[in-house]
Amino acid sequence: MERMTAREDVSYLHPSKRWEYPWALEQAGLRPGDRVLDAGCGGSIFPAYLAAQGMSVAAVDLNPPAGLAAFHGLNYLSIQGNLACLPFAEGVFQAVFCISVIEHFPASGIALAMAELRRVLRPDGRLLLTTDYARDASEEMWHEGPGRSFRVDWNVFDRDSLSRHILNAEGFRIEGGVDLEVDWELVRPAMSRFHGYPYTSVGLTLVRV
């Protein structure tokens, strides 16, 4: 993915994705030809990478990047759309990737988005979901980076809200263990140095039932 992004200025690879994407790919267990969805792709290189690995890829975002597939000589479906109303039939994907997206929904809209992500999955299909995870979701948080500082204005999950909105989402079962133990005294300063935010990421594999 780094080599692909280095060839153009359309896509990006966010620092945290350097562990989120490998984790998600390992959990998905995909084979060439599998139908997959990148839900909330943004300007990421990830859907192009999946297509280059032989997957049948669809990517949805409010503002998908133009020309990315063509630049890399790939053929995949890129659609402007909303996760709360996905333009696909029921049960068409073996896997859905939702990487650092769900936290940008208001709390009132998370259940609808999760229901849509479930709807487009095949029975026993996997939703690979990562999201921002903090000690206390009610805390005011700031990004502190070189030359810029701004208040985090999206949802960040803590143990309680993650359980309420994601771990207990209707129609899913969690595959594998869920380890939410974090030494925040170490993680907060380390993550602030790494990408400017005082929180980390958590990854979950949810299987449609």
Side-chain angles (χ1 to χ4, degrees), residues 1-105 113-114 116-132 145-146 154 175 194-197 201-208:
M1 282 184 266
E2 289 182 350
R3 288 195 297 269
M4 292 175 77
T5 57
R7 293 172 52 200
E8 32 87 357
D9 57 4
V10 178
S11 68
Y12 68 88
L13 183 61
H14 189 274
S16 69
K17 304 301 191 296
R18 286 172 167 81
W19 69 73
E20 291 176 287
Y21 286 150
W23 170 85
L25 287 167
E26 182 178 9
Q27 295 297 308
L30 297 173
R31 296 173 295 181
D34 282 351
R35 295 191 69 181
V36 300
L37 170 65
D38 187 352
C41 61
S44 173
I45 193 63
F46 192 50
Y49 175 82
L50 291 170
Q53 303 307 304
M55 310 305 164
S56 177
V57 179
V60 172
D61 196 79
L62 294 174
N63 295 292
L68 183 59
F71 182 91
H72 291 282
L74 299 167
N75 182 25
Y76 65 85
L77 186 62
S78 180
I79 298 177
Q80 184 176 30
N82 193 317
L83 271 63
C85 186
L86 290 169
F88 304 107
E90 181 171 349
V92 295
F93 296 108
Q94 276 100 342
V96 172
F97 297 92
C98 187
I99 307 298
S100 290
V101 175
I102 200 70
E103 63 267 23
H104 295 284
F105 276 77
M114 292 295 293
E116 274 292 274
L117 294 171
R118 178 189 180 276
R119 182 183 65 80
V120 300
L121 273 171
R122 294 183 178 182
D124 292 326
R126 290 184 173 94
L127 169 60
L128 296 314
L129 183 148
T130 70
T131 192
D132 299 336
W154 56 86
E175 184 172 80
F194 176 66
H195 67 167
Y197 298 100
S201 301
V202 63
L204 302 165
T205 304
L206 299 99
V207 180
R208 176 179 173 170

Original post:
Can you name the residues that form a side chain to side chain contact (heavy atoms under 4.5 Å, CB included) with Ala51, not counting sequence neighbours?
Top reply: Val57, Leu74, Tyr76
Original post:
About how many Å separate CG of Leu37 and CG of Leu127, when rounded to the nearest 0.5 Å?
Top reply: 9.5 Å
**OP:** Return the minimal non-hydrogen interatomic distance between Ser78 and Pro64, and the atom names on each side.
**Re:** OG-CB, 3.4 Å
**OP:** Test Val120 against Val96 for side chain to side chain contact (heavy atoms under 4.5 Å, CB included), laying out the working first.
**Re:** CA-CA 8 Å; Val120 300; Val96 172; 4.0 Å; yes
Distance-only criterion, 3.5 Å: show the donor-acceptor pairs between side-chain atoms of residues 24-36 and protein atoms not counting sequence neighbours.
from  : atom 1 : to     : atom 2 : distance (Å)
Gln27 : OE1    : Thr205 : OG1    : 3.2
Asp34 : OD2    : Arg31  : N      : 2.9

Original post:
What is the minimum heavy-atom distance between Phe88 and Ala58, and which atoms define it?
Top reply: CZ-CB, 3.8 Å
Subject >> Smallest separation among heavy atoms of Tyr21 and Ser44, with atom names >> reply: OH-OG, 2.5 Å
**OP:** Indicate yes or no for a side-chain donor-acceptor contact from Arg208 to the backbone of Pro123 under 3.5 Å, with no hydrogens or angles considered.
**Re:** no
Subject >> Results of side chain to side chain contact (heavy atoms under 4.5 Å, CB included) for Ala84 - residues two or more places apart only >> reply: Asn82, Phe105, Leu112
Original post:
Would you call His195 and His14 a side-chain contact if the rule is heavy atoms closer than 4.5 Å?
Top reply: yes
**OP:** Mind checking the CE-CG spacing from Met1 to Leu13? Nearest 0.5 Å is all I need.
**Re:** 6.5 Å
**OP:** Determine, stepwise, if the pair Met114 / Ile102 fulfils side chain to side chain contact (heavy atoms under 4.5 Å, CB included).
**Re:** CA-CA 9 Å; Met114 292 295 293; Ile102 200 70; 4.2 Å; yes
Subject >> Sidechain-backbone polar pair: Gln53 side chain, Met55 backbone, donor-acceptor under 3.5 Å >> reply: no
Original post:
Under 4.5 Å between any side-chain heavy atoms of Val60 and Asp38, yes or no?
Top reply: no
Subject >> For Glu2, side-chain hydrogen bond (donor to acceptor under 3.5 Å, both in side chains) partners two or more places apart >> reply: Arg18
Original post:
Looking only at heavy atoms, which two atoms of Gly40 and Asp61 are closest? And how far apart?
Top reply: C-OD1, 3.3 Å
Subject >> side chain to side chain contact (heavy atoms under 4.5 Å, CB included) against Glu20, all qualifying residues, sequence neighbours excluded >> reply: Ser16, Lys17, Ile99, Ser100, Thr130, Ser201
Subject >> Side chain Gln80, main chain Asn63, donor-acceptor under 3.5 Å >> reply: no
**OP:** Assign the ring pair Phe97 / Phe46 to parallel, tilted or perpendicular, where the plane angle (0 to 90°) is split at 30° and 60°.
**Re:** perpendicular
Subject >> Residue pairs, two or more places apart or on separate chains, that pass side-chain hydrogen bond (donor to acceptor under 3.5 Å, both in side chains) and touch residues 116-128 >> reply: Glu116-Arg119, Arg126-Glu175
**OP:** Kindly give the heavy-atom pair with the smallest separation between Trp154 and Asp132, and that separation in Å.
**Re:** NE1-OD2, 3.0 Å
**OP:** Considering non-hydrogen atoms only, spot the tightest contact between Cys98 and Leu117 and give its length.
**Re:** SG-CD1, 4.1 Å
Original post:
If you measure from NE2 on His72 to CZ on Arg7, what distance do you get to the nearest 0.5 Å?
Top reply: 5.5 Å
Subject >> From CG (Leu77) to CD1 (Ile79), nearest 0.5 Å >> reply: 3.5 Å
